[in-house]
K.L.:
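Mind looking over this structure? Questions follow.
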Amino acid sequence: MKFKSVTYCLFILLFVQPRLLAQSSYAIKNVNVIPMNREVVLANQTVIVQNGKIKLLGNTSTIKIPENATIIDGTGKYLMPGLF
């Protein structure tokens with residue numbers, strides 16, 4: 001089941017990413033983040049991206065999403081910022 005989630009996430013990143021980068025900012029909310037520097041999964045995270053770069057990452061309950069950001073629901077999905 002996790003393989004399907006990772007595959008789906010990679011599909012979104014490869015085929016939807018160019019359209020998203022055209023927007024000034026967006027937030028991927030409630031996503032499970034797999035950091036590239038340690039062997040752990042950070043559950044229930046929000047990732048703020050502005051102008052194509054990750055600006056902020058943290059627990060969904062503590063991150064303030066910018067007003068103009070497009071929100072993407074990452075519930076049940078996985079994100080590897082190093083590939084993003």
Side-chain angles (χ1 to χ4, degrees):
M1 189 63 172
K2 284 185 182 181
F3 179 74
K4 283 186 177 182
S5 294
V6 172
T7 302
Y8 178 72
C9 185
L10 289 175
F11 173 80
I12 288 174
L13 294 177
L14 292 174
F15 295 102
V16 180
Q17 180 186 12
R19 179 179 64 99
L20 293 174
L21 287 177
Q23 299 186 24
S24 60
S25 66
Y26 59 96
I28 305 171
K29 193 173 177 182
N30 300 317
V31 70
N32 298 304
V33 175
I34 302 171
M36 302 305 290
N37 60 349
R38 53 193 163 136
E39 294 183 25
V40 66
V41 175
L42 305 173
N44 197 32
Q45 300 292 298
T46 292
V47 180
I48 305 294
V49 179
Q50 294 178 328
N51 299 320
K53 296 186 180 191
I54 296 173
K55 294 295 181 183
L56 189 60
L57 179 136
N59 192 290
T60 296
S61 65
T62 61
I63 296 294
K64 183 178 180 204
I65 297 173
E67 289 183 23
N68 63 339
T70 300
I71 298 174
I72 300 167
D73 183 14
T75 303
K77 307 297 185 279
Y78 292 84
L79 177 68
M80 295 173 69
L83 294 177
F84 190 66

K.L.:
Is it true that L42 and V47 fall in one hydrophobic cluster, defined by side-chain heavy atoms closer than 4.5 Å?
P.N.:
yes
K.L.:
Can you name the residues that form a side chain to side chain contact (heavy atoms under 4.5 Å, CB included) with N68, not counting sequence neighbours?
P.N.:
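Counting only residues at least two positions away or on another chain, N68 forms a side chain to side chain contact (heavy atoms under 4.5 Å, CB included) with S24, S25, P66.
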K.L.:
Suppose we screen for side-chain hydrogen bond (donor to acceptor under 3.5 Å, both in side chains). Which residues come up paired with T62, at least two apart in sequence or across chains?
P.N.:
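T62: no side-chain hydrogen bond (donor to acceptor under 3.5 Å, both in side chains) contacts found.
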K.L.:
Are any non-hydrogen side-chain atoms of N32 and Q45 less than 4.5 angstrom apart?
P.N.:
no
K.L.:
Could you pull out all residues at least two apart from N30 that satisfy side chain to side chain contact (heavy atoms under 4.5 Å, CB included)?
P.N.:
N44, T60, D73, T75
K.L.:
If hydrophobic clusters are built by linking Ile, Leu, Val, Met, Phe, Trp and Tyr wherever their side-chain heavy atoms come under 4.5 Å apart, do M80 and V41 end up in the same one?
P.N.:
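In one cluster: yes.
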K.L.:
Kindly work out whether a path of hydrophobic side-chain contacts (I/L/V/M/F/W/Y, heavy atoms less than 4.5 Å apart) joins V31 to L57.
P.N.:
yes
K.L.:
Under the side chain to side chain contact (heavy atoms under 4.5 Å, CB included) test, which residues partner I63, sequence neighbours left out?
P.N.:
T46, I48, L56
K.L.:
Heavy atoms only: give me the nearest A27-A69 pair and the separation to one decimal.
P.N.:
N-CB, 4.3 Å
K.L.:
So, taking the atom named CD1 in I72 and the one named NZ in K29, what distance separates them when rounded to the nearest 0.5 Å?
P.N.:
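Reported value, rounded in 0.5 Å steps: 12.5 Å.
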K.L.:
Over all heavy atoms of both residues, which pair between I34 and Y78 is shortest? Give the atoms and the distance, please.
P.N.:
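That would be CD1-CD2, 3.9 Å.
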